[in-house]
Amino acid sequence: MTDRALLSHLGLLAVLFAAHWLLPAYHHDAVAKVLVLSVYAMGYNIAFGYTGMLSLGHALFFAAGLYGAAMPLTLWGWTGGTALAAGLVAGTAMAAAVGLLALRTRGVSFMIVTLMFAQAFYLTILYLGRWTRGDEGIVIAQPLRQVAGFDLSNGATRYLAALLLFALALLLCLRLVRAPFGRVMVAMRENEERARMLGYNPFTVKLAALTLSGLYSGAAGAAYALMFGYAGASLAGVQYSILPMLWVLLGGAGTVAGPFLGCLLMFYLIDYASALTSATLLVVGVALVALVLFAPKGALGALRERLGKEGRIWLP
Amino acid sequence: MDFGPLLLLAILEGTVTAAVLALTAVGLSLTFGIMRVVNVAHGEFFMLGAVLAWFVSQWFPDAPLLAFLLAMVICPLVVAGVAVLADVLILKRLNYEPEATIVATIGLLYIFQQAALSFFGPNARPVAPPFNFRVQLPWFGYSGYKLFVILAAGVLLLLVWLLIARTKIGLVMRATQIDRTTARAFGINVDRVYAMTFGIGAGLAAIAAVLVVPIQQAHYLMGGDPLLLSFIVVILGGLGTLRGTLIAALLIGLLDGLLSTAFFFPPTFAKIMATLLVALVLVFRPEGLFGRRTA
């Protein structure tokens with residue numbers, strides 16, 4: 001039996017690997033950034049797309065990873081590898097802590113509570129400006145950005161490292177959503193009461209999903225700090241909670257490759273739009289409104305629906 | 001200044017903040033209470049009101065009073081019109097589904113911000129107050145305009161209360177809030193009620209902004225603070241209860257005045273504490289401090 005889902009995702013990774021030699025320098029860097037941000041979007045998708053938790057505070061987990069890596073690196077002289085791990089742990093722990101509190105609420109309250117926690121963290125970053133450098137941000141010097149002997153400030157190394165992280169995240173996500181636990185996550189999204197009746201505890205399932213989502217976001221944040229050498233308060237603001245939602249909606253919520261597709265499309269849409277007009281906020285706003293109005297399932301969601309009608313359901 | 005007069009000044013400043021906040025938050029509370037819509041773009045309606053007030057003030061640079069009176073009429077009407085359009089063209093077509101409307105109003109937030117940035121520019125711009133006189137107290141002089149803001153907000157809030165509690169329109173709105181299906185069965189045009197509610201909510205934010213803009217300058221990013229504070233007030237007061245909203249606005253406004261004027265707290269630190277506190281209230285007392293515990 002051929003596993004078409006696995007093959008198609010491996011195919012995507014192969015194309016991205018080939019792109020390493022084919023892309024011109026500007027797009028090479030851009031795609032590396034998209035790959036890292038896609039990991040963040042995949043984390044958001046685990047919470048929102050699969051488990052149905054609409055969070056407006058994911059920038060908290062991303063920023064925890066970002067500063068969790070950047071501050072030990074610049075202030076306390078940790079090595080790149082340990083700083084990366086610290087960022088990962090920071091993102092995961094932050095998600096678990098927020099989940100313990102915020103998951104007592106649901107729906108609109110959950111959204112507002114996560115928004116407020118993220119806002120409090122953003123303000124804390126500004127308040128502790130002596131260490132975090134606030135709006136100006138921490139610039140990580142090139143010699144510090146080494147992990148296990150690889151120099152992540154080098155463009156080629158950075159692309160391959162980003163692709164490695166992306167590949168791990170993608171395959172883990174694919175494995176997860178096809179495992180029994182992934183099905184339970186979807187059950188929480190579709191009908192929490194029915195899932196509870198079947199003997200699953202919604203709180204623990206959602207907490208586990210949110211923590212995993214925090215791990216993805218923290219990993220993306222830590223990788224961002226090391227690869228692009230910058231950690232600033234603007235990356236912790238509300239906008240960075242909304243962007244992953246936009247990417248996920250565009251690519252297709254509840255699909256494994258959707259977050260990457262959405263992130264890639266949005267990145268180039270803004271890139272081209274900014275050449276024509278300075279109204280980039282308008283692009284984001286119109287995209288959000290148009291998506292909920294006309295394409296609530298996103299690109300891959302619509303594709304899955306069509307394939308499903310023909311009886312060929314294989315796009316997880 | 002001695003502590004007594006300083007406290008009086010802090011209370012005055014706090015009441016001004018509370019008055020403006022109450023108007024804005026009542027608008028948010030109405031849309032949430034009646035339509036169950038979380039309007040993330042509410043702060044941008046506030047911002048649009050302020051920006052439009054600046055444009056109106058540019059038509060009559062020599063007659064600030066006339067410009068102010070015109071702005072008090074034009075700005076809420078225009079903003080309410082924009083809101084009604086947004087409701088009919090977008091929110092209604094989403095069937096007011098909570099998650100979809102949140103995403104859509106986030107989209108609107110960016111569209112309004114960009115519109116203000118493109119047509120109004122990135123700079124903060126002042127609007128002249130309609131009149132200049134100082135009320136001379138024994139210890140300090142106080143701006144007469146600020147006292148007028150308190151008075152005007154009080155009158156407007158009273159009008160809103162009369163509208164909801166004493167008129168047929170208010171009755172229809174309350175009926176829709178309690179049960180929209182039954183209301184429809186009794187021949188109430190729920191779509192029109194929703195459009196009107198969304199318009200009134202946005203108009204209240206706009207009129208609050210017209211009042212505040214001679215004190216605080218107009219800026220395209222000024223919507224963030226009123227949005228967050230209104231959320232805080234509406235949640236503390238119990239989602240969808242007008243009286244709770246008013247009490248909470250007074251509480252937050254006075255607290256803000258006291259902390260920033262009398263005790264010189266760093267504002268960022270106060271904001272962090274307030275934000276965390278409200279998040280925890282929502283976690284442990286989801287019905288708000290003054291709300292009734294309901295199913």
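Residue numbering restarts at 1 for every chain, and letters A, B, ... go by the order of the sequence lines. Fair warning: this is a prediction, and the values are worked out from it, not measured in the lab.
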Fill in the blank from the handout: Checking heavy-atom separations under 4.5 Å from chain A, one finds in residues 104-114 of chain B B:Ala104, B:Ile106, B:Gly107, B:Leu108, B:Tyr110, B:Ile111, B:Gln113, B:Gln114

Problem - Interatomic spacing from CG in A:Leu293 to CG in B:Leu89 - rounded to 0.5 Å - result: 9.0 Å

Exercise for the section: Return each pair, listed once, that meets side chain to side chain donor-acceptor pair (under 3.5 Å) where at least one residue sits in residues 285-295 of chain A; pairs must be two or more places apart or across chains. Expected result: none

Could you pull out all donor-acceptor pairs under 3.5 Å where a side-chain atom in residues 191-203 of chain B meets a protein atom, sequence neighbours excluded?
unit_1, atom_1, unit_2, atom_2, d
B:Thr197, OG1, B:Val193, O, 2.7

Completion exercise
In this structure, CG of A:Leu288 is separated from CD1 of B:Ile102 (nearest 0.5 Å) by 12.5 Å

Exercise for the section: Please state whether the side chain, the backbone, both or neither of A:Leu56 comes within less than 4.5 Å of a heavy atom of chain B. Expected result: side chain

Problem - Which portion of A:Leu282 sits near chain B, non-hydrogen atoms under 4.5 angstrom - result: both

Problem - Heavy-atom neighbours of B:Gln217 CD exceed 12 at 6.0 Å - result: yes

Exercise for the section: Report yes if some heavy atom in the side chain of B:Ile272 is under 4.5 Å from a heavy atom in the side chain of A:Phe121; otherwise report no. Expected result: no

Practice task
Sequence neighbours left out, what pairs pass side chain to side chain donor-acceptor pair (under 3.5 Å) with at least one residue falling in residues 54-67 of chain A?
Solution key: A:Ser55-A:His58, A:His58-A:Ser213

Problem - Stepwise side-chain contact (heavy atoms from CB on, under 4.5 Å) check, B:Ile232 with A:Met116 - result: CA-CA 9 Å; B:Ile232 292 177; A:Met116 297 224 153; 3.7 Å; yes

Exercise for the section: Could you look at A:Leu291 and say if it's the side chain, the backbone, both or neither that has a heavy atom under 4.5 Å from chain B? Expected result: neither

Problem - Contact class of B:Val103 relative to chain A, heavy atoms under 4.5 angstrom - result: both

Problem - Pairs of heavy atoms under 4.5 Å with chain B: top-ranked of A:Phe110, A:Tyr122, A:Phe117 - result: A:Phe117

Problem - Inter-residue atom distance B:Leu227.CG - A:Leu115.CG, 0.5 Å rounding - result: 8.0 Å

